[in-house]
**Q** 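First the structure, then my questions, so here it is.
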Amino acid sequence: MTITRRKMIQVAAAAAWVASPAPAPARAQVENVGADAALEAALAEAGAPALAGMIVGPDGPVWMGAGGLRRRGAEAAATVDDLWHLGSNTKAMTAALYGRLVDQERASWTATAADLFPDVAMDAAWRDAPVTAFMGHVAGLKDETALGRDWLMTARDDPRTLSGQRRALVTAMLTQPPAGSPGAFAYANSNYVVIGAAIERIVGHPWEDVMRAEVFAPLGIETGGFGAPAGDQPWGHRGGVAIDPAGPVTDNPQAMAPAGTVHMSLGDYARFLRVFLTNGDGWLSPESLAVLMRPAGAGQPAYAGGWLVAGDQPWAGGPALTHNGSNTMWYASTWVAPGVGRAFVSVSNDGEQGAAACQRLIPGLIRANLSGPA
C-alpha cells in the first residue's frame, strides 16, 4: 500500500537523546525508513481507511507519515496535514490547562472539591477530595451517576450554555455520595467534566475559550478545534461506514469536551507534546509539569494528569506516559518518553480497524526510533 504525502523532518539534535549516538543524519535516515515501513505494514494489516503517525523530539516532529483514504469509498488521500480527532487524549490538555492556571496563581494544586465549587451543596464525602484525585480517576466518580445512557441520548438537545450544562453535571455528581471507592482507580469521563467546570468557574469563561487562549494560542496551535473536523478533512468511520461530520451525531455531546473532543493536525499536536519533552517548554513550570506526570494516590493502574504512567520502560529510559482516545469513530494512541526525548503518535479515522492499526504502528515507531547504531 502506498504511503501518501509523507513528511520527513530532520532536526539538528536528532541524535542527542541517547548515549554514543550515530550522527544525526544517519539516525534520522534509519528512523524515517523504519517508520515508513511500520506505517505501511500497520495500514495493510489492519485495513483501516487511513492511518497516520508521528515521532516527536524536543524540537518538534522528527518524522510524520500518512496513508490511506480520508473517506472509505472516496479518492482523496489522507495527508500528514489533515486534522485528527484525539478523543480522550484531550484529558492531558485539560489537566495541563489547570496547571497553567496554577502557574498564574489563579488555581492551586491543593484545592479540594469544596474549594473549587464553594456554592455546591455537595455530599460531605466530596468536600476534601483534592483536584489531583479527579485528574487521576481516584476520587470515586463513576459516569453512571450523571453521564449515563439517558444523558447521552438527550444532552445534544439541552438549551443551556455548555458552561451551564457542565455546572449542572457537577452538581448532579457531587450532591450524591461517591458511586465508586475513593482512592481506587475507576476511569470516568466525569472526572474531567469536573476539571473543565472548575476551570470555567476560576476563569469565568467557557472551557473552549480558555483552551484557545491558554493552550492553543501560546503554544502556536492553529488547527485546534472541538468535535469532528469539518471541511476538506478525513471523516470518522463506525462499523466501516463513513460518518458525515455535518450529521447530527459525529462526536460525544460537547458538554463532555474537557474529557475528549479536541481535534488538530499532527504538527500542532507535537507542539503540545513537546511540553513533556522540554521540562515545560517555558509554557508550564517544571513544578506543575512534575505534578501532571506524578500518579495520583495509589490507584492502579497508575494515572496522573491525563496520562497513564507506565513504570520503568527500558526503551524509554525510565517511566513513560501513555493514553488512547476514541469516540468510536476515530482513534488516537500516544506514548511519551521524557527520558529519551521522544513521543510517538498514531491516529486513524476509524474506531475499530483504526484502533488495531494504531496499536500495531506504535511499537513499529518505537523500534524505528531505536534501530540506529548506538
Side-chain angles (χ1 to χ4, degrees), residues 56 58 60 86-111 116 130-137 166 189 191-203 205-226 256-296 302-309 319-325 332 334-338 341 343 345:
V56 184
L86 300 178
S88 284
N89 288 17
T90 301
K91 290 180 172 68
M93 296 181 181
T94 297
L97 170 55
Y98 185 89
R100 173 94 166 162
L101 298 180
V102 172
D103 290 344
Q104 296 171 354
E105 300 184 350
R106 303 162 81 182
S108 169
W109 286 122
T110 61
L116 296 172
V131 64
T132 51
F134 293 98
M135 287 187 182
H137 299 283
R166 291 169 190 143
N189 289 310
N191 288 288
Y192 278 80
V193 174
V194 168
I195 301 299
I199 289 168
E200 292 177 333
R201 193 194 69 80
I202 291 166
V203 180
H205 296 288
W207 171 86
E208 289 82 355
D209 291 347
V210 189
M211 281 286 289
R212 293 184 185 101
E214 296 291 348
V215 180
F216 296 169
L219 291 178
I221 294 171
E222 298 182 349
T223 62
F226 311 100
M256 279 178 57
T261 72
V262 164
H263 69 249
M264 63 182 59
S265 69
L266 286 174
D268 274 348
Y269 189 33
R271 296 176 186 272
F272 175 72
L273 296 177
R274 286 183 63 251
V275 169
F276 297 87
L277 304 178
T278 58
N279 208 26
D281 198 28
W283 175 76
L284 202 64
S285 72
E287 293 77 15
S288 282
L289 187 72
V291 174
L292 293 170
M293 296 169 64
R294 185 167 59 240
Y303 196 101
W307 298 103
L308 283 158
V309 182
L321 308 173
T322 183
H323 215 284
N324 299 326
T334 303
W335 281 81
V336 180
V345 179

**Q** Are side-chain heavy atoms of L292 and L284 found at a separation under 4.5 Å?
**A** yes

**Q** I need the full list of salt bridge (charged side-chain N to carboxylate O under 4.0 Å, His left out) pairs touching residues 277-296, with sequence neighbours left out, sorted by first then second residue.
**A** R274-D281

**Q** Where do A217 and A213 come nearest, in terms of heavy atoms and distance?
**A** CB-O, 4.0 Å

**Q** Which heavy atom of P319 sits nearest to which heavy atom of P338, and what is that distance?
**A** O-CD, 4.0 Å

**Q** Got a sec, which residues hit ring pair (Phe, Tyr, Trp, His ring centres under 6.0 Å) with H137, two or more places apart in sequence or on another chain?
**A** F185, Y187, Y192, Y303

**Q** Evaluate S108 against V131 for side chain to side chain contact (heavy atoms under 4.5 Å, CB included), listing each step before the verdict.
**A** CA-CA 9 Å; S108 169; V131 64; over 6 Å; no

**Q** Would you call P258 and V194 a side-chain contact if the rule is heavy atoms closer than 4.5 Å?
**A** no

**Q** Using modelled atom types only, decide if a donor and an acceptor are shared between the side chain of T334 and the backbone of T322 within a distance under 3.5 Å.
**A** no

**Q** Rounded to the nearest 0.5 Å, what separation is found between the CD1 atom of I202 and the CG atom of L97?
**A** 9.0 Å

**Q** To the nearest 0.5 Å, tell me how far N324 CG sits from L308 CG.
**A** 8.0 Å

**Q** Say whether, by atom type as modelled, one donor and one acceptor occur between the side chain of T132 and the main chain of A296 under 3.5 angstrom.
**A** no

**Q** What's the verdict on side chain to side chain contact (heavy atoms under 4.5 Å, CB included) for V215 and R100, showing C-alpha distance, side-chain angles and the deciding distance?
**A** CA-CA 8 Å; V215 180; R100 173 94 166 162; over 6 Å; no

**Q** Roughly how far, to the nearest 0.5 Å, is CG of N279 from OG of S285?
**A** 9.0 Å

**Q** Show the nearest heavy-atom pair for residues T278 and P58, with the distance to one decimal.
**A** CG2-O, 3.6 Å

**Q** Any idea which heavy atoms bring V193 and M256 closest together, and the distance?
**A** CG2-CA, 4.2 Å

**Q** Measuring from M211:CE to I221:CD1, what's the distance to the nearest 0.5 Å?
**A** 7.5 Å

**Q** Between the main-chain N or O of S265 and the side-chain N or O of T223, is there a donor-acceptor pair closer than 3.5 Å?
**A** yes

**Q** Take N89 and V345, measure what side chain to side chain contact (heavy atoms under 4.5 Å, CB included) needs, and give me the verdict at the end.
**A** CA-CA 11 Å; N89 288 17; V345 179; over 6 Å; no

**Q** Applying side-chain hydrogen bond (donor to acceptor under 3.5 Å, both in side chains), can you list everything that pairs with Q104, at least two apart in sequence or on another chain?
**A** R106, E214

**Q** What residues form a ring pair (Phe, Tyr, Trp, His ring centres under 6.0 Å) with F216, not counting sequence neighbours?
**A** F226

**Q** Closer than 4.0 angstrom, basic N to acidic O: yes or no for R212 and D209?
**A** yes

**Q** Over all heavy atoms of both residues, which pair between A95 and G305 is shortest? Give the atoms and the distance, please.
**A** CB-O, 3.4 Å

**Q** Of W109, F134, W207, which is the lone residue that meets ring pair (Phe, Tyr, Trp, His ring centres under 6.0 Å) with Y98?
**A** W109

**Q** About how many Å separate CE of M93 and CG of L273, when rounded to the nearest 0.5 Å?
**A** 7.0 Å

**Q** Specify the closest pair of heavy atoms between V203 and L101, including all atoms of both residues, with the distance to one decimal.
**A** CG2-CD1, 3.8 Å

**Q** Using 30° and 60° as the class boundaries, would you call the ring planes of F272 and Y269 parallel, tilted or perpendicular?
**A** parallel

**Q** Find the distance between NE2 (H323) and NZ (K91) and round it off to the nearest 0.5 Å.
**A** 5.5 Å

**Q** Hey, does the side chain of T90 reach the backbone of V262 with a donor-acceptor pair shorter than 3.5 angstrom?
**A** yes

**Q** With sequence neighbours left out, write down each residue that passes side-chain hydrogen bond (donor to acceptor under 3.5 Å, both in side chains) with W307, or none if nothing qualifies.
**A** none

**Q** Not counting sequence neighbours, list each pair that qualifies as a salt bridge (charged side-chain N to carboxylate O under 4.0 Å, His left out) and has a residue in residues 259-272.
**A** D268-R271

